[in-house]
Amino acid sequence: MDYEIIVVGAGHAGCEAALGASRKGHKTLLITGNINNVADMPCNPSIGGSAKGIVVREIDALGGEMGRNADKSLLQIKMLNGSKGPAVRALRAQADKITYPKNMLKTLKETVNLTLYEGLVADILTENNKVKGVSLEDGTMFTSEIVILTTGTYLNSDILVGSTRRREGPHEERPSNKLSDNLAKKGFPIIRLKTGTPPRIAKDSINYSETKLEPGDDKYYTFSFDNKIYYDIDKQEPCYLIYTTKETHKIILDNLNKSSMYGGLNDIKGIGPRYCPSIEDKVTRFRDKERHQLFLEPESLYYDDIYIQGFSSSMPYDVQEKMVHSLPGLKNAKILKYAYAIEYDAIYPTCMKASLESKILENLYTAGQINGTSGYEEAAGQGLIAGINASLKLEGKEPLILKRNESYIGVLIDDLITKGIKDPYRLLTSRAEYRLLLRSDNADLRLREYGYKVGLVSEEDYQKLLRKKEEINKLIRELKTVKLTPKDNAYLEKVTVPLKDGISLYNLLKRPEIDINYLKKYFSNYEEEILSIVNTEIKYEGYIKKATLEAEKMLEMESKKIPEDIDYDKIHNLASEAKEKLKEVRPTSLGQALRISGVNPADVSILMIYLKKEHK
Amino acid sequence: MDTTIAAISTAQGIGAISIIRVSGKDAFKIVSKIFSNKNFKDAPSHTIHYGYIVDNGEKIDEVLVTKMCSPKTFTTEDIAEINAHGGITTTNKILELLLTNGCELATPGEFTKRAFLNGRIDLTEAEGIMDLINSKTPEAREMALNQVQGKVSNLITDLRDDLASIIANIEVNIDYPEYEDIEEMTTLKIKEKLGLLKTKINKILKQSNTGEILKTGIKTAIIGRPNVGKSSILNCLVGEEKAIVTSIQGTTRDSIEASVVIDNIILNLIDTAGIRETEDLVESIGAKKSLKIIDEVDLVLFVVNYNEKLTLEDKKILAKLQDKNYITIVNKADLEKHIDDENLKNKVYVSALKDENIEGIGEKVKELFNLEQIETSDLTYLTGARNKAILNKVLKSISDVETGVKNNYPIDMIEIDLRNIWNLLGEITGETYDEELLDQLFSRFCVGK
């Protein structure tokens with residue numbers, strides 16, 4: 001064997017997978033089409049966002065790289081939803097598109113057990129339906145125990161602009177022309193997806209007086225729990241807000257049939273993401289809307305491109321020129337890169353296990369856009385899990401499967417393998433039924449233990465976590481012990497109804513109008529992070545309890561396992577739709593079976609009785 | 001199988017006695033909450049207990065409750081069986097009480113399924129049940145379909161869609177906070193919309209009672225002192241050409257002996273034999289018996305004599321009728337008036353002898369039960385204790401939202417209860433797929449890079 005693990009593709013999924021595997025001590029090869037383009041951000045220049053920002057925190061808690069790397073590459077950072085509840089807050093950073101990949105490449109190069117190699121993989125080598133290695137387009141072969149595919153949008157990718165279709169990856173990179181067809185030959189269900197990106201314009205060709213300034217937050221944040229990197233709050237790069245005009249909409253509607261997606265090309269098969277419509281989609285689907293919001297976002301300190309968020313398109317270049325120049329402040333804007341749509345191949349994700357190992361080919365793992373997701377963070381989260389589970393398999397250990405009540409990464413993977421996809425999958429907070437438990441502030445409390453157990457979190461960082469937990473418990477104990485009485489009313493009645501009897505600080509905190517910081521003088525000193533977590537846990541105790549109860553019900557069903565070799569054809573009284581779905585997804589538990597659309601509770605009851613009978 | 005389940009085990013609408021079975025680890029705890037007999041909880045296994053089912057101090061029905069402790073029971077779990085003898089409405093009310101106090105409604109075949117899973121019955125029997133469960137499914141689907149086509153269900157679908165648009169709005173605010181041009185859903189707006197929702201649900205709940213009455217009939221007694229003409233009235237009711245008369249074997253404690261249809265309303269008359277008896281009996285016994293029967297029915301037809309003054313006995317019965325649905329049938333209206341009828345309510349003047357204005361009784365019943373506007377040809381109502389229990393849960397969640405709004409909780413907390421309401425309404429219409437919400441989100445709002 002040349003290597004224990006080979007990772008194919010060095011995007012956000014591939015980097016996490018390779019780092020996870022090699023840091024766990026496994027000899028790993030990372031193959032990429034262009035070494036200078038690892039951890040590339042081909043679309044928006046930002047990391048995080050609603051739900052996604054929490055994924056980045058989860059990656060950090062598990063010992064992954066994305067959070068730390070983003071902290072090192074900040075242009076600006078914001079806490080989203082600050083005015084809403086603690087459950088939906090999430091960090092979003094503008095990350096430098098030069099610094100981010102550069103820092104990641106440095107980390108990859110410095111990691112022991114990890115080798116980088118430039119080339120394009122053409123096929124997976126197999127023996128007895130088990131992975132044996134990979135062969136490259138130039139005929140080179142590498143053998144390995146395990147292969148992890150993280151090919152992003154490069155499988156048979158086509159760039160679409162107006163009426164042209166070019167076989168190419170993002171940034172004019174070489175696409176992978178053989179791997180997808182070879183996977184299909186091996187029995188993998190291949191689907192075609194589509195996404196798009198907006199034009200980039202020159203920084204100094206914008207008239208900023210016609211835009212609205214969107215600065216970063218004036219508070220210090222990092223994605224990483226332990227690696228707190230300093231940055232100057234006052235020196236963050238701003239973004240700018242503008243709106244489309246009537247003129248813009250007219251240009252789009254007048255030229256609509258020139259757009260690849262609206263007649264420019266008649267062989268479009270890929271399904272685009274619902275949450276990421278092109279500007280053509282927005283204007284046609286929401287005709288009564290007078291204007292659409294757009295953000296001008298800096299891509300880097302080291303070059304001039306400004307990204308027009310909200311303006312992705314597949315119009316020909318001349319129409320894009322007119323469209324851009326119709327926007328406020330962009331009358332004289334110089335387009336540096338034109339917008340395009342991209343079509344690419346992916347694998348239908350119900351053919352994976354929760355460990356991200358394939359059900360079709362043993363020791364093959366897949367992560368990221370090849371699994372039908374979209375987004376850097378979704379990719380990185382899967383990559384990390386694939387890297388961890390590939391290593392655990394080599395070590396003969398059980399895979400790490402995060403549950404829906406433990407993490408967004410768990411929700412993401414469970415959704416993929418249970419429900420499949422129609423369009424590229426993006427995480428949303430609404431996909432998490434227990435989102436109150438999956439907060440940005442408690443990602444380490446939820447997941448660091450796992451990171452430590454699999455060996456990606458250092459002893460030192462783990463000890464920090466234990467101390468944090470102890471601090472939290474100590475504060476809660478203290479709040480339960482300290483009692484206030486009507487004697488304290490002089491201070492309290494400024495913010496709340498006066499006390500009639502004695503009350504513990506703990507119970508007093510349940511009053512919505514009292515913040516923990518107001519009661520600081522009654523208890524010992526704690527760090528702000530601790531105060532904030534405890535404040536949340538106490539204030540929303542009722543809601544948290546409800547969510548925990550719901551989660552327990554789910555876990556109970558989850559604990560009822562379905563054997564891998566179950567033959568659904570033998571269960572004669574299952575409804576036929578349910579039978580088909582069960583055969584496709586092959587759920588591992590009754591809980592998972594319940595989440596499959598088309599399988600109703602009566603079917604699960606029948607399944608339950610059947611299993612009971614088989615076990616006798 | 002942690003849940004405690006309950007269901008009505010006797011066929012509805014036929015026997016006047018009904019058994020409600022409760023099985024599960026909290027069976028005794030839950031029954032004790034609504035049972036007046038305080039010895040029940042600690043009583044030994046396989047014993048029967050007398051008392052009342054009570055709801056907030058109000059007596060619902062006089063019952064016998066059988067207590068059977070695990071494992072020597074049908075399901076091997078703790079089982080309580082409530083033998084009720086009220087009408088349909090009362091029986092459903094008891095089931096509703098159980099559901100609101102922590103029971104889950106049993107699915108078809110669930111008692112038997114539990115019996116099997118707990119090793120109480122063998123495989124052959126269990127396979128029978130699997131078929132049963134399965135065969136129930138198309139039937140249930142058909143039922144759901146009928147309901148979905150019904151007016152009330154359409155209304156629920158509308159309510160649910162309204163709610164979905166609120167939720168989608170909140171979600172879009174959360175997932176796309178940078179979009180300033182999308183309306184911000186505030187707790188105040190939510191409160192306003194939920195107020196409307198509450199009104200509509202209360203209306204549906206009221207209508208659903210009506211639907212039930214129309215489907216299964218009203219348990220009715222004809223009451224009055226001797227010689228006011230009760231049996232003539234009875235004869236008029238059953239003797240009408242358009243009337244259907246059925247005879248059903250009585251069970252232990254009482255019986256429905258005749259179902260009468262007046263003006264499309266079914267009246268299930270009980271104690272028809274007693275009516276004939278009391279005509280001949282001494283007054284005191286007749287009155288005593290009348291008073292007892294009043295407790296057991298949903299409607300009383302109180303017969304008085306137009307030709308005589310109200311007696312002490314009439315007044316005694318009247319006093320007992322104060323909290324009851326009743327119609328005063330002033331009989332012998334063809335004779336000279338001696339009655340002082342100012343204080344009598346829901347009067348209808350008839351002459352049983354001359355068969356005059358008997359149909360007036362039907363009109364009064366409709367008036368009393370708010371049935372006037374209902375077109376009998378268009379009968380698809382939300383019925384059944386389960387759906388009502390769900391709507392009551394919805395009302396509870398609405399009040400949770402109101403508390404949340406009052407306490408200034410953030411919108412994403414409030415949304416947890418909203419989503420709960422949306423899911424509950426989906427249980428009625430049979431749709432709970434989350435993907436629907438996402439579709440709403442992306443079809444209504446224009447967001448994305």
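So you know, we letter chains A, B, ... as the sequences are listed, proteins then strands, and number each from 1.
Annotation for Lys189(B): atom NZ counts as buried by contact number, over 12 foreign heavy atoms lying within 6.0 Å. More than 12 heavy-atom neighbours from other residues, nucleotides or ligands sit within 6.0 angstrom of CD on Glu541(A). In the displayed structure, Lys510(A) atom NZ is contacted under 6.0 Å by more than 12 heavy atoms of other residues, nucleotides or ligands. Annotation: Lys546(A), atom NZ; neighbour count of heavy atoms from other residues, nucleotides and ligands within 6.0 Å is above 12. Within 6.0 Å of NZ on Lys191(B) lie no more than 12 heavy atoms contributed by other residues, nucleotides or ligands.
Contacts of Leu427(A) with chain B are absent, with no heavy-atom separation under 4.5 Å from either backbone or side chain. Neither the backbone nor the side chain of Lys553(A) comes within contact range of chain B, judged by heavy atoms closer than 4.5 Å. With a threshold of 4.5 angstrom between heavy atoms, Arg92(A) approaches chain B through side-chain atoms but not through N, CA, C or O.
Ion pairing of Lys52(A) with Asp175(B) is absent here, as no side-chain N (NZ or NE/NH1/NH2) approaches a carboxylate O to less than 4.0 Å. For Glu415(B) and Arg435(A), the salt-bridge test passes: some basic side-chain N is under 4.0 Å from an acidic carboxylate O.
A cation-pi arrangement is found for Arg426(A) relative to Tyr176(B), the charged atom lying closer than 6.0 Å to the ring centre and inside a 45° cone about the ring normal.
Between Tyr179(B) and Lys282(A), the shortest heavy-atom contact is OH-NZ, 4.2 Å.
A donor-acceptor pair is defined here as one N or O able to donate and one able to accept, closer than 3.5 Å; such a pair exists between the side chain of Gln293(A) and the backbone of Glu178(B). Checked by atom type and distance alone, the side chain of Lys84(A) pairs as donor or acceptor with a backbone atom of Asn173(B) at under 3.5 Å. Of the possible polar contacts, one joining the Asn81(A) side chain to the Ile174(B) backbone as a donor-acceptor pair under 3.5 Å is found.
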Full working for side chain to side chain contact (heavy atoms under 4.5 Å, CB included) between Ile416(B) and Glu433(A): CA-CA 9 Å; Ile416(B) 295 174; Glu433(A) 51 279 69; over 6 Å; no

From CA spacing to verdict: side chain to side chain contact (heavy atoms under 4.5 Å, CB included), Asn407(B), Glu513(A): CA-CA 8 Å; Asn407(B) 286 341; Glu513(A) 66 276 14; over 6 Å; no

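Scanning for ring-ring contact (aromatic ring centres under 6.0 Å, His included) contacts around Tyr243(A) gives an empty result, with sequence neighbours left out. Looking at residues two or more places apart in sequence or on another chain, you find a side-chain hydrogen bond (donor to acceptor under 3.5 Å, both in side chains) between Ser397(B) and Asn420(B).
In this structure, Ser430(A) and Arg419(B) have side chains that are in contact, with non-hydrogen atoms separated by less than 4.5 Å.
Atom CG of Asp412(B) and atom OH of Tyr543(A) lie 9.5 Å apart (nearest 0.5 Å). Interatomic distance, Glu171(B) CD to Ser50(A) OG, rounded to the nearest 0.5 Å: 8.5 Å.
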